[in-house]
Amino acid sequence: MAIKKGYFIILLIFALGCTAFGQTSQPPQANLQEAVPAGDGKVDTSDASSYFIRETEEGVRFIQKIEWEPVSNILRYVIVVDQRYGNSDRYNEVVRESTENNFIELTIPPGNYRYKVEVYNLLNRLDGESDYLYFEVFRAVQPMIKEITPHNLYLDEDQPRRVTLIGDNFVLGSKIYLVPIREGISDNSETQRGVLVPADLKYSDVGDTVELVFNEQDLDINHFRIVVVNPGGLTSTYEALDIKFQKPLDINVSAGYAPLLPLFSGNSTDSDLKTVLDTPFYPLGFTLKASVVPYKRAFGYFGLELSPFYNFVKADRSAYILQTNILGASVSFLYQKPFLGKKLFLNARIGGGVGAYTNMYFDYKNGIESDPLSTWFPLGTLGVSGQYFVFKKAFVELGLDLKVLFATEMTIGYLSPVLTAGWQF
C-alpha cells in the first residue's frame with residue numbers, strides 16, 4: 001500500500017507540469033484563464049513543440065500532444081479529456097484513452113478542455129488520479145457582427161445601458177470595445193482617445209450573441225464603431241452605435257409663487273427708502289420662468305433662463321406708509337444636473353437684468369400723500385433649485401433666489417423663496 005501511495009504522489013507532482021497545446025504557439029495567459037470556471041485553479045501553458053502537423057490517409061491533421069513524466073512500476077495510464085460546452089460551465093467527455101506511454105497524441109477541434117490522468121497499478125486496479133488541468137485549443141475563427149440592438153443609447157431616457165451583438169463566433173476571452181468614429185481616422189486601436197470599454201460581457205452558450213453592459217458614468221455623447229477581437233487576433237467591426245440625447249433641446253416653462261425677504265441695504269442716507277427693510281416679509285409676489293437648454297452632456301446640461309417677476313411692497317411706519325411695486329426680469333446662465341433616473345434635476349443659475357420701483361409713494365398719517373415715483377435700475381440674480389418631474393413632463397420646482405437691486409444711491413438685497421409648477425417641451 002505504501003508503494004501505491006508513492007506512485008500516486010509522484011504522479012500528482014508531475015501531472016501539474018504537463019503541457020497542453022493550442023493552435024497558437026503562445027496564447028496569452030489571460031485567454032487561457034477565461035477558460036477556467038470559477039473555483040478551479042490550474043491552467044496549463046502551451047509550447048510550440050507540443051503540436052505538429054501530420055499527413056495521414058484522411059489528409060493533413062493537426063496533432064496536439066499531452067505529455068507527462070513517466071512513473072515506474074505501473075501497468076498503464078488512462079487519459080480522460082472533457083470538452084466544455086460553449087461558454088457554459090458544463091463539460092462532456094470526448095476522449096478516454098488507455099496507454100502505457102507517458103503521452104498521448106490527439107486531434108481535437110478548437111474549444112475549452114480539461115483533462116486528468118488515472119494511474120493503474122500492476123494489478124490493473126485504479127491507484128489514483130490527478131486533479132483536472134485546463135487548456136484551450138484556439139481556432140482562427142472570424143467573429144461576425146450581423147446586427148446590434150439597440151442602435152442608440154439615449155442618455156435622457158431611463159433605459160438599461162446594454163447593447164446586444166448578434167452574429168457568430170463570439171468566444172470567451174475576446175476583446176470588445178467602442179471606438180469613436182472621427183472623420184478621416186479609421187484606427188480601431190483600443191488605446192486611442194475616447195475608447196469605451198464595457199463594464200461586463202455576457203456571452204450566450206453557443207457564442208451567437210454577446211451582451212455589452214456599460215456603467216452610466218462612463219457614457220457620453222459620441223458616434224461609435226464596435227470592435228470585436230477574438231483570442232486568435234481576428235477582428236470584426238460594426239458601424240455604428242450612437243450614444244446621444246433623444247431630445248437635443250429642452251424648453252421649460254413654469255409659473256409660481258415668489259415672496260420677498262429683505263436682507264440688506266447700503267450706500268444711502270435716505271432713511272425713507274430704507275423703510276423697505278423694516279418689514280421682514282413681503283408675501284405678495286409672482287414669477288415666470290422660461291428656459292432653453294441646448295447643450296446636454298453626461299456631466300450636465302447648459303442653457304439660458306428668462307425670469308420676469310413682480311412683488312408688492314408695503315411698509316407701515318409710525319408716521320407714514322410706504323407702498324410700491326417691484327417688477328423686473330433677469331436673464332441667467334442655467335446649469336442642470338440630473339439625478340434619480342432623470343426624475344430630479346439640480347439647477348443653478350447666475351445672471352442679471354433690469355428692475356424698477358413703480359408708483360412708489362408715501363401716505364402720511366396726516367392725510368398728505370406724496371407724488372408717485374418710478375425708477376429703473378440694474379439687478380443681479382443668483383439662485384439654486386430642485387426640479388422634480390411628477391408626471392411625464394410636468395414638474396414642480398422649489399428653490400431660493402437672491403436678487404440684488406442697484407437702485408439710485410442704494411443697494412438692496414432680497415431673498416426670494418420660489419415655488420413653481422410647469423411643463424417641459
Side-chain angles (χ1 to χ4, degrees), residues 1-29 31-37 39-86 88-140 172 231-232:
M1 181 63 67
I3 294 176
K4 293 179 181 179
K5 292 182 178 178
Y7 289 154
F8 183 45
I9 294 173
I10 293 172
L11 176 63
L12 289 180
I13 292 173
F14 287 116
L16 295 178
C18 294
T19 54
F21 325 108
Q23 292 185 353
T24 56
S25 61
Q26 205 68 15
Q29 186 71 6
N31 291 336
L32 286 171
Q33 290 172 348
E34 290 287 352
V36 183
D40 297 312
K42 300 181 180 63
V43 183
D44 272 348
T45 57
S46 294
D47 188 285
S49 63
S50 303
Y51 63 89
F52 53 89
I53 297 175
R54 175 182 294 165
E55 185 77 32
T56 67
E57 293 181 357
E58 292 81 16
V60 176
R61 290 291 182 267
F62 196 94
I63 309 298
Q64 286 84 30
K65 185 177 181 181
I66 298 178
E67 187 175 14
W68 57 94
E69 293 291 336
V71 180
S72 59
N73 298 320
I74 64 170
L75 181 64
R76 63 190 177 99
Y77 308 98
V78 172
I79 308 302
V80 180
V81 181
D82 300 335
Q83 183 177 16
R84 189 176 188 175
Y85 176 70
S88 72
D89 290 334
R90 302 193 304 275
Y91 283 83
N92 300 317
E93 183 178 308
V94 293
V95 175
R96 177 177 287 270
E97 183 173 324
S98 178
T99 179
E100 297 178 1
N101 300 318
N102 65 318
F103 67 89
I104 60 169
E105 294 177 352
L106 303 172
T107 298
I108 52 179
N112 297 310
Y113 295 88
R114 67 181 184 184
Y115 72 92
K116 66 179 179 179
V117 180
E118 298 175 349
V119 61
Y120 287 78
N121 60 26
L122 295 175
L123 299 177
N124 200 28
R125 294 178 179 175
L126 178 64
D127 201 39
E129 62 184 27
S130 69
D131 292 336
Y132 277 110
L133 293 171
Y134 296 85
F135 67 98
E136 183 171 1
V137 177
F138 289 100
R139 180 178 62 179
L172 284 174

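The figures here come from the full heavy-atom set of this structure, side chains too, leaving out hydrogens, waters and symmetry mates.
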Heavy-atom side-chain proximity of Ile66 to Glu97 below 4.5 angstrom: no
To the nearest 0.5 Å, atom OH of Tyr132 lies from atom NZ of Lys116 at 4.0 Å
How close do Val117 and Tyr77 get, counting heavy atoms only, and between which atoms? CG1-CD2, 4.1 Å
Intermediate values then yes/no, side-chain contact (heavy atoms from CB on, under 4.5 Å), Asn102 and Glu69: CA-CA 6 Å; Asn102 65 318; Glu69 293 291 336; 5.8 Å; no
Exercise: identify the closest heavy-atom pair between Gly111 and Gln83: CA-NE2, 4.3 Å
If the condition is side chain to side chain contact (heavy atoms under 4.5 Å, CB included), which residues does Val78 pass it with, not counting sequence neighbours? Arg76, Val80, Arg96, Ser98, Glu118, Tyr120
Would you compute the distance between atom CH2 of Trp68 and atom CD1 of Ile79 and round it to the nearest 0.5 angstrom? 3.0 Å
Heavy-atom check, side chain of Val119 versus side chain of Val71, under 4.5 Å: no
Crowded around Glu93 CD? As in, over 12 foreign heavy atoms under 6.0 Å? yes
From Leu75 CG over to Arg125 CZ, what is the distance, rounded to the nearest 0.5 angstrom? 12.5 Å
Does Phe135 offer a backbone N or O that forms a donor-acceptor pair with the side chain of Tyr115 under 3.5 Å? no
With a 4.5 Å limit on heavy-atom distance, are the side chains of Asn121 and Ile74 in contact? no
With the side chain counted from C-beta on, respond yes when Tyr113 and Val95 share a heavy-atom pair under 4.5 Å apart, and no when they do not. no
